[in-house]
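Notes follow once the structure below has been shown.
We use all heavy atoms of the structure for the numbers below, so side chains are in, but hydrogens, waters and symmetry mates are not.
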Amino acid sequence: MAERSTAAVDVADNSGEQPLTAKADQSTADGVAKNPERDKDSDKAQGSSGIDGPGEKTSPPELHSGHKLARRYRLEECVTRLDGFSSWRAVDEKLRRAVGVHILPADHTRARSVLAAARSSALLGDPRFVQVLDAVEENDLVYVVHEWLPDATELTALLAATPLEPHDAYQMVSQVASAMAAAHREGLAHLRLNPNAVLRTSTGQWRIRGLAVNAALRGISSDTPQRTDTEAIGALLYAALTQRWPYESDAYGLSGLPKGVGLIAPDQVRAGVHRGLSELAMRALANDGATASRHESACTTPEELVKAIGEMPRIRPPEPAFTAPPEYQRTTYQQGTYGRQAPRPGATQPIAPPPPPLQSRTGKALKWGVSALLIAALGLGSWQLADALMDQGGKSGGTNKSQQTDDGVEGASKPKSAPIKIQGGQEYIAKGDAQHPGDVPKTYDGNTSTYWRTKSFNEGPPIAPFKPGVGIVYDLGSAKSVSTATIDMRYAGDHTTVELYAADSLTPGSLDSLQQIGKVTTTDKTATVKVTKSMKTRYVLVWLTAVPYSGYDSELYSGAGYKQAIGEVQFTG
């Protein structure tokens with residue numbers, strides 16, 4: 001059995017109107033338990049066209065917790081059992097990680113379309129989608145294995161509490177629209193894009209699950225897949241802004257719009273909604289009869305929606321709220337009551353009067369004596385200070401210069417650099433396919449024997465003939481001043497070029513829109529990049545534009561060619 005299916009499938013043309021899985025339909029939520037009744041209501045609320053025909057009902061296979069598939073995937077919990085298929089949370093015992101599994105009988109009427117959709121989705125390899133890891137037909141069963149993201153939260157759960165902030169809603173619609181535009185360019189459609197299929201990870205990245213597969217499991221198809229997915233993105237944005245579902249039926253834990261009113265703009269449903277995002281949602285939902293913006297045309301494809309988002313002014317994140325430090329509490333010892341009984345709360349304490357001044361003849365003599373001693377001490381000290389200054393004035397100026405620091409200030413010391421902890425990371429794809437996005441955490445796990453690696457290229461060291469470069473965007477948790485980046489690599493030789501860029505998110509736009517803050521070329525296994533432009537940034541892109549040649553690596557199973565592998569990345573500020 002193959003570890004990951006990469007077999008091509010016969011699909012429709014790549015014109016945009018017929019995706020690779022044009023005959024696929026809506027599926028279950030991958031990895032989170034869902035209510036089958038809610039799924040049925042959600043289909044109606046979205047205006048889905050998928051209808052199960054007679055004879056499509058097939059009894060699900062008799063499976064149970066603890067059952068193993070291919071002697072590897074141990075089923076743990078059934079999260080969905082519907083329409084002859086079941087979805088499970090499972091454990092990959094070979095790689096010791098949680099996975100999700102869809103299972104249906106091999107004689108199920110939709111088994112072929114599910115396999116085709118899973119293999120097509122696996123070929124895409126876009127890290128913005130939950131990845132299909134395996135698609136197999138074995139022992140009268142068809143099962144699809146996919147990633148399981150334990151740290152991710154469904155949009156449904158996020159909207160159960162409150163609408164999203166404008167910046168979060170902007171990031172969500174921007175990332176989802178650009179991901180779906182990339183999928184449609186490869187002929188893949190989702191057709192079941194709803195709040196259950198959109199996840200936000202702990203690092204703030206938005207990911208989409210069930211591309212093509214969710215639709216194939218339900219048997220839903222569409223004559224206009226691009227319009228279907230664009231309208232679904234508009235519905236997601238509408239719900240994120242208003243906490244309401246933009247149809248009359250309730251769905252996904254959200255209340256629908258009042259009956260008979262029609263589709264009204266989000267800024268008319270809820271006060272304080274960002275006007276630009278409200279108009280964007282209406283432009284995407286115009287396919288269902290809504291009135292688009294008076295000055296802008298409707299968006300009918302994800303590509304048009306991405307263009308419309310790019311024309312909007314960027315929505316910045318809210319300023320962090322300042323929390324005043326707690327009031328300083330003096331200790332009992334500082335209050336001068338050490339060893340005394342603490343006063344009762346609210347009781348007025350008498351103030352002890354100061355001691356009387358020395359009024360006797362002996363007291364006056366004592367005061368005059370102390371004053372005379374102070375005057376004498378001040379005079380002696382002044383004379384010694386003047387004498388020392390005169391002695392130093394006769395020395396050469398070179399001595400004084402030798403005691404100064406590099407900055408020309410005597411006694412000044414340079415601030416010490418401090419390490420910056422990496423909170424997360426994601427592979428950045430400027431062109432072509434991903435490298436190994438699942439290995440990104442290995443570059444900041446503290447283990448120098450684990451690596452993220454590039455693919456092996458036939459030409460080099462510059463990667464330019466194939467793509468502008470490869471690299472990883474790191475999340476530092478908050479905006480910080482970065483002074484140095486140290487990258488430990490596996491291969492030395494002629495030569496590795498590393499560039500640093502300041503990014504605005506884990507999924508930045510084009511490379512031309514980023515600001516380069518450092519660059520270095522080295523022939524060693526360690527690259528130290530010093531930041532040349534001082535600025536604060538939360539996200540930093542480590543970008544490789546040239547890699548050395550190295551032979552076959554049996555430890556990483558990497559073929560000979562121009563390549564590089566990163567073991568650890570450390571930032572200091």
Side-chain angles (χ1 to χ4, degrees), residues 46 126 128-129 152-159 162-185 189-201 203-211 226-247 252 254 263 265-267 269-270 272-288 290 292-293 296-318 426 504-510 513:
Q46 273 196 292
D126 192 319
R128 293 171 292 190
F129 294 93
T153 306
E154 285 184 356
L155 180 59
T156 307
L158 296 174
L159 296 180
T162 180
L164 298 185
E165 293 290 336
H167 177 260
D168 292 335
Y170 173 81
Q171 289 293 327
M172 184 273 294
V173 70
S174 177
Q175 295 181 30
V176 171
S178 61
M180 289 308 306
H184 277 282
R185 285 194 295 268
H190 197 291
L191 304 183
R192 190 171 165 76
L193 198 56
N194 55 49
N196 290 331
V198 178
L199 310 172
R200 185 172 70 180
T201 66
T203 59
Q205 175 197 6
W206 294 90
R207 298 186 67 178
I208 304 171
R209 65 184 172 196
L211 177 66
Q226 295 205 39
R227 288 189 177 186
T228 300
D229 284 342
T230 304
E231 185 175 355
I233 298 173
L236 292 174
L237 179 58
Y238 195 104
L241 296 173
T242 64
Q243 210 177 4
R244 300 286 293 267
W245 192 239
Y247 304 96
Y252 309 107
L254 303 173
L263 184 60
D267 55 2
V269 175
R270 192 180 190 92
V273 172
H274 190 278
R275 185 172 182 179
L277 293 175
S278 175
E279 292 182 354
L280 186 67
M282 295 299 287
R283 292 177 64 183
L285 286 168
N287 306 311
D288 196 42
S293 172
E296 302 290 346
S297 60
C299 298
T300 59
T301 67
E303 199 73 52
E304 293 178 358
L305 191 58
V306 170
K307 183 179 179 181
I309 295 171
E311 294 172 351
M312 289 180 55
R314 184 178 297 275
I315 301 177
R316 299 189 177 277
Q426 178 181 330
D504 56 1
S505 68
L506 276 175
T507 55
S510 65
S513 65

Taken in chain and number order and not counting sequence neighbours, the residues that satisfy side-chain contact (heavy atoms from CB on, under 4.5 Å) with S510 are D512, S513

- Could E279 and R283 be called an ion pair, given the rule that one side-chain N must be under 4.0 Å from one carboxylate O? no

Donor-acceptor pair, side chain of T242 and main chain of R270, under 3.5 angstrom: no

For residues 162-181, the salt bridge (charged side-chain N to carboxylate O under 4.0 Å, His left out) pairs (sequence neighbours left out) are D168-R200

Sorted by chain and number, sequence neighbours left out, salt bridge (Lys or Arg N to Asp or Glu O under 4.0 Å) with R207 holds for E147

Flag side-chain contact, heavy atom, 4.5 Å: V173 against L236: no

Across all chains, not counting sequence neighbours, the side chain to side chain donor-acceptor pair (under 3.5 Å) partners of R316 are none

Notebook entry, point to check: Is it true that a side-chain atom of R209 and a backbone atom of N196 form a donor plus acceptor pair closer than 3.5 Å?
Noted result: yes

Applying side chain to side chain donor-acceptor pair (under 3.5 Å) to T201 and not counting sequence neighbours gives T203

Hits for side-chain contact (heavy atoms from CB on, under 4.5 Å) against A265, two or more places apart or cross-chain, chain-then-number order -> D267, Q268, S278, M282

| query | With a 4.5 Å limit on heavy-atom distance, are the side chains of Y252 and L155 in contact? | reply | no

Rounding to 0.5 Å, atoms OG1 (T153) and CG (L199) come to a distance of 8.0 Å

Donor-acceptor pairs under 3.5 Å, side chain of residues 304-311 to any protein atom, not counting sequence neighbours: which ones?
unit_1 : atom_1 : unit_2 : atom_2 : d
E304   : OE1    : T300   : N      : 2.9
E304   : OE1    : T300   : OG1    : 3.1

Sequence neighbours excluded, the answer for side chain to side chain donor-acceptor pair (under 3.5 Å) partners of S505 is none

